[in-house]
Amino acid sequence: MLDILTCVLEILKSHRSILVLGLVVAVANSCDFLRDVSLRYLDKFLDTSAHITLSGRAYCGVPVGPLNQFCLKSSSVPSIAIVKQSFSLKFPPLPSSSSYPSIQSKNVEVPCGAFHPISISGSRRRLWCSRSSSSSAEPKEGHTVRAPVTVRRKKLAVFVSGGGSNFRSIHEASKRGSLHGDVLVLVTDKSECGGAEYARNNGIPVILFPKAKGEPNGLSPSDLVDTLRKFEVDFILLAGYLKLIPAELIRAYERSILNIHPSLLPAFGGKGYYGMKVHKAVIASGARFSGPTIHFVDEHYDTGRILAQRVVPVLANDTAQELAARVLKEEHQLYVEVVEALCEERVVWREDGVPLIRSKENPNKFC
Ligand SMILES: Nc1nc2c(c(=O)[nH]1)N[C@@H](CN(C=O)c1ccc(C(=O)N[C@@H](CCC(=O)O)C(=O)O)cc1)CN2
Ligand SMILES: NCC(=O)N[C@@H]1O[C@H](COP(=O)([O-])[O-])[C@@H](O)[C@H]1O
């Protein structure tokens with residue numbers, strides 16, 4: 001039976017008969033196993049806009065950009081609109097300095113000059129539009145459901161104290177369109193650090209927090225919370241930030257602050273463990289493996305719930321600098337992947353409080 005269906009689908013593919021293929025799929029839908037085979041073909045076959053009515057059990061696609069994913073639902077939705085489109089996104093010009101939130105503070109550097117709208121021309125991508133739970137139009141049997149579900153683009157704040165290479169990786173991913181979010185503001189305790197310089201060169205406002213000792217002016221934690229709220233920040237990303245995040249900010253951004261640490265927590269974390277100090281401690285311990293950890297931030301250094309890790313070898317003759325470079329390379333990839341998942345709302349929380357990242361390819365799997 002499978003062979004018959006397979007060769008029928010191959011023939012249909014060659015004749016590009018989408019409607020007949022849809023009927024075949026509809027027939028195949030009656031049997032779970034055959035349906036899966038036909039859908040695999042359908043997924044490969046589609047290269048034009050097409051509305052295929054899949055009878056029987058519903059498939060709910062989750063809009064995640066180029067890769068399609070299914071989550072099987074027993075809902076009564078009898079069909080799904082499969083739409084391919086090329087698109088070019090034009091973001092409205094970033095607010096000019098005059099339209100930035102009215103922040104009366106010397107501690108917020110607002111770049112001068114006009115901002116060019118960010119334009120990201122999307123390649124041909126297949127968007128799976130599934131019926132949003134709130135859609136009023138109840139689909140009638142056999143009718144195509146057209147209910148685009150869009151995940152809102154997220155607003156990000158990045159905190160740095162140093163060179164900002166992780167910040168740059170995240171910002172570049174946002175500009176090339178792989179990351180469904182924008183870095184709207186940079187926060188630093190060192191206004192002349194490399195990360196702050198990069199922000200200024202890219203038109204990103206820089207906020208000084210906390211102020212340096214002895215400086216007269218500075219933002220209080222509640223001022224910082226107010227400022228981030230005015231920017232409508234959704235998530236805060238610590239990337240080499242070396243100050244303790246105050247409890248006010250933790251409370252205001254519950255389960256919304258991430259940090260990247262250059263060791264496999266809980267090992268080699270906590271007060272005093274930052275930068276090269278971490279890598280020196282790893283080498284001195286004789287550990288054979290290290291790697292970056294990304295975790296949610298709580299009131300203490302490096303004790304928040306772990307979201308993602310990568311492993312790298314520690315070689316017998318490694319210097320701290322060599323190990324740091326190996327770990328940093330993984331950090332750049334890992335942080336971008338994690339923030340992409342965060343912006344696509346693929347982070348879920350297990351009932352015991354452990355955060356997980358739902359796979360982009362298969363929503364039933366976790367990374
Ligand atoms: N509330 C939290 N704040 C911060 C966290 C966190 O997990 N919870 N992570 C740190 C980043 N970090 C490790 O990933 C870290 C940074 C700094 C230190 C540290 O010991 N700092 C020194 C001061 C260093 C300096 O000012 O140059 C210290 O506090 O004595 C440990 C871990 C960011 N904030
Ligand atoms: N405990 C915090 C800590 O040590 N963070 C580490 O600081 C470096 C910042 O590099 P970057 O400024 O080039 O992103 C990164 O390696 C990060 O893991």
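Whatever order the structure lists them in is the order used to number ligands and atoms, beginning at 1.
- When only interatomic distances are considered, the shortest N/O to N/O separation between Gly275 and ligand 2 falls below 3.5 Å.
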Report, one line per pair, each donor and acceptor closer than 3.5 Å where one atom sits in a side chain of residues 247-256; sequence neighbours left out.
residue : atom : partner : partner atom : Å
Tyr253  : OH   : Arg229  : NH1          : 3.3
Tyr253  : OH   : Val233  : O            : 3.3
Ser256  : OG   : Glu254  : O            : 2.9

Between ligand 1 and the protein, give all atom pairs where both partners are nitrogen or oxygen and the distance is under 3.5 Å, as lines of names plus distance to 0.1 Å.
residue  : atom   : partner : partner atom : Å
ligand 1 : 1 (N)  : Ile245  : O            : 3.2
ligand 1 : 1 (N)  : Asp298  : O            : 2.8
ligand 1 : 3 (N)  : Ile245  : N            : 2.9
ligand 1 : 7 (O)  : His300  : O            : 3.2
ligand 1 : 7 (O)  : Asp302  : N            : 2.8
ligand 1 : 8 (N)  : Asp298  : O            : 3.1
ligand 1 : 8 (N)  : His300  : O            : 2.9
ligand 1 : 14 (O) : Asn259  : ND2          : 2.7
ligand 1 : 14 (O) : His261  : ND1          : 3.1
ligand 1 : 14 (O) : Asp302  : OD1          : 2.9
ligand 1 : 20 (O) : Gly272  : N            : 2.6
ligand 1 : 21 (N) : Leu242  : O            : 3.4
ligand 1 : 21 (N) : Tyr301  : OH           : 3.4
ligand 1 : 26 (O) : Lys243  : NZ           : 2.7
ligand 1 : 29 (O) : Lys271  : NZ           : 3.2
ligand 1 : 29 (O) : Tyr301  : OH           : 2.7
ligand 1 : 30 (O) : Lys271  : NZ           : 2.8
ligand 1 : 34 (N) : Lys243  : O            : 2.7

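- In this structure, Phe289 places its CZ atom where only 12 or fewer heavy-atom neighbours from other residues, nucleotides or ligands lie under 6.0 Å away.
- Within the listing of ligand 2, atoms 5 (N), 7 (O), 9 (C) sit less than 4.0 angstrom from a heavy atom of Gly240.
- Checked by distance only, ligand 2 and His261 come closer than 3.5 Å through their nitrogen or oxygen atoms.
- Classified by interplanar angle (parallel below 30°, tilted 30° to 60°, perpendicular above 60°), the ring pair Trp349/Phe296 is tilted.
- Of all protein heavy atoms, the one lying nearest to atom 3 (C) of ligand 2 is Pro262 CD, 3.7 Å.
- The side-chain heavy atoms of Ile236 and Tyr241, taken from C-beta on, include no pair separated by under 4.5 Å.
- Remark: minimum distance from atom 13 (O) of ligand 2 to any protein heavy atom is reached at Ser165 OG, 2.5 Å.
- Ion pairing between Lys175 and Glu172 fails under the 4.0 Å rule for side-chain N and carboxylate O.
- Atoms of ligand 2 lying under 4.0 Å from at least one heavy atom of Gly163, given by number and element, are 12 (O).
- Ion pairing of Glu345 with Arg358 is absent here, as no side-chain N (NZ or NE/NH1/NH2) approaches a carboxylate O to less than 4.0 Å.
- Taking every non-hydrogen atom of Tyr273 and a distance limit under 4.0 Å, the qualifying atoms of ligand 2 come out as 1 (N).
- Taking a cutoff of 4.0 Å between a charged side-chain nitrogen and a carboxylate oxygen, Lys360 and Glu344 qualify as a salt bridge.
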Run the side-chain donor-acceptor check on residues 270-279: report pairs under 3.5 Å with partners two or more places apart or on a different chain.
none

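- Each of the atoms 5 (N), 18 (O) of ligand 2 lies under 4.0 Å from some heavy atom of Ile260.
- By the 4.5 Å side-chain criterion applied to Ile, Leu, Val, Met, Phe, Trp and Tyr, Leu244 is assigned to a cluster that also includes Tyr301.
- Heavy-atom proximity to Leu328, at under 4.0 Å, picks out these atoms of ligand 2: 16 (O).
- In this structure, of Phe167, Tyr301, Tyr274, Tyr198, the residue bringing a heavy atom nearest to atom 2 (C) of ligand 2 is Tyr274.
- An N or O contact shorter than 3.5 Å is missing between Asp302 and ligand 2 by distance.
- Of the protein's non-hydrogen atoms, the one nearest atom 15 (C) of ligand 2 is Glu331 OE1, 3.2 Å.
- In this structure, CG on Leu315 lies 8.0 Å from CD on Glu322, to the nearest 0.5 angstrom.
- Phe366 places a side-chain heavy atom less than 4.5 Å from the side chain of Val348.
- Counted by atom type alone, Asn166 and Ser169 present zero donor-acceptor pairs between their side chains at under 3.5 Å.
- Protein heavy atom at the shortest distance from atom 12 (O) of ligand 2 is Gly164 N, 2.8 Å.
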